[in-house]
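One structure below.
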Amino acid sequence: MATPHALVLRAPGSNCDGEAAAAFEMAGAKVERIHVNAVRENPRILKRFQILTVPGGFSYGDDIAAGKVFALQLQHFLADALRKFRDDEKLILGICNGFQAILKAGLLMPPDEDGPLATLGFNENGRFEDRWVKLRATPGKCVFLKGVAELNVPVAHGEGNFVGRKEWIVRGLDQSGQVVLRYAGAHGHANGFPENPNGSQDDIAGITDATGRVLGMMPHPERHIFPTQHPQWTRLGLQAEGEGLKLFRNAVEFFAQS
Ligand SMILES: NC(=O)CC[C@H](N)C(=O)O
C-alpha cells in the first residue's frame, strides 16, 4: 500500500498539531508539521502531500473571530495552491479551529456575491464548552467518515455555533448530503443543550464539501485514538482502539485504493 504523506499545517497558537500528527502516524501516514509561513513562502511544499490537516487551537489568539486570521492567510496567499490540492483528488481535514479556518476561507462552501454562506459563531450560552459529546454520522460520500455511524469524541471550543446566513442554506446543505456530523442524544436526535453544546443550527457538528474530500468538524477525533481516552472505558469495556482513529485510517486507506 502506498504510504500517503500528511501535512499538519501549524499557525501561531495551534495547539492540537501534535495530536493530529500522532493520529495520522498511528493510521499509517507519514506526517510533517509545517508552519503556514513556510508554506506561504513556498506553496510548492504542498505537492509533497496527499492529506492536509488544519488542527485545533487558538490560531492568532482567536483575534477578530476564531480561525479568521488563519482563514485570511489561506484565502489570500494559498487559495490557488489549495484549490489545486483539492482538485488533485487529495484530502483536507479541518478540526475545530481548523474547521473555523477552512470554513471561513471558503474551502467547504464557496461564498456567493453576498459573502460567506455560513460561519461558526459564539456558542449560544457564551461559554467555552469542553467535554465529551455523542455524534451521529451520515457519511454520504465523505471519505473520512466511511463506515462511521456514531462517534464519541470531545469538544473544546467557544465558537462552534454553526449558523447559515439564511435558513435555506442549512436545508440545502442537508439536501446535498453535506451535513455529515450532527450532535446527538443517547438514543437519537440531540435535545437542545447540553447534547448540542453550542446551539448549532440543525445540530451541525461537521460538514463536507461537494466532493466529499474536504471535512470540517468541531469535535476532536484526534483526542480519541486510544480506547482509554474515553472517560467511561472501564465501565463500557476496553475497545480495540479509540473511535476517532477510524477517520484517520479512512484517509490513509483512500490512497491505498487509488
Ligand atoms: N479546540 C479548538 O480548536 C478551539 C477553537 C477556538 N479557539 C474556539 O475556542 O472556538
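Hydrogens, waters and symmetry mates are skipped; everything else that's a heavy atom, side chains included, is used. Throughout, residue positions are numbered sequentially from 1 according to the sequence presented. In each ligand, atom 1 is the first atom listed, and ligand 1 is the first ligand listed.
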Can you find an N/O atom of H157 closer than 3.5 Å to an N/O atom of ligand 1? no
Return a yes/no value for C96: is any of its N or O atoms, backbone included, closer than 3.5 angstrom to an N or O of ligand 1? no
Atoms in ligand 1 flagged as close to H220, the criterion being non-hydrogen separation under 4.0 Å: 1 (N)
With heavy-atom distances below 4.0 Å as the criterion, list the atoms of ligand 1 near D62. 6 (C), 7 (N), 8 (C), 9 (O)
For R83, is there an ion pair with D80 - N to carboxylate O distance below 4.0 angstrom? yes
Does NZ or CZ of R182 fall inside the cone over F162's six-membered ring, less than 6.0 Å from its centre and within 45° of the axis? no
Any nitrogen or oxygen of G57 lying under 3.5 Å from a nitrogen or oxygen in ligand 1? Just yes or no. yes
Heavy-atom contacts with G158 under 4.0 Å: which atoms of ligand 1 show up? List them by number with element. 8 (C), 9 (O), 10 (O)
Out of G121, G160, A156, G67, who is nearest to atom 4 (C) of ligand 1 when you count heavy atoms only? A156
Note: ligand 1 atoms sitting under 4.0 Å from heavy atoms of G56 are 3 (O)
Examine E159 against ligand 1 and note whether any of their N/O atoms are separated by less than 3.5 Å. yes
Identify the two heavy atoms, one from V148 and one from P139, that lie closest to each other, and give their separation to 0.1 Å. O-CG, 3.3 Å
Backbone N/O of G115 and side chain of R165: donor-acceptor pair under 3.5 Å: yes
Between K146 and E253, does at least one N-O distance fall below 4.0 Å, as a salt bridge requires? no
Work out which heavy atom in I169 is nearest to a heavy atom in L117; give both atom names and the distance. CD1-O, 3.2 Å
Taking K134 first and then E195, would you say they form a salt bridge - that is, a charged N and a carboxylate O separated by under 4.0 Å? no
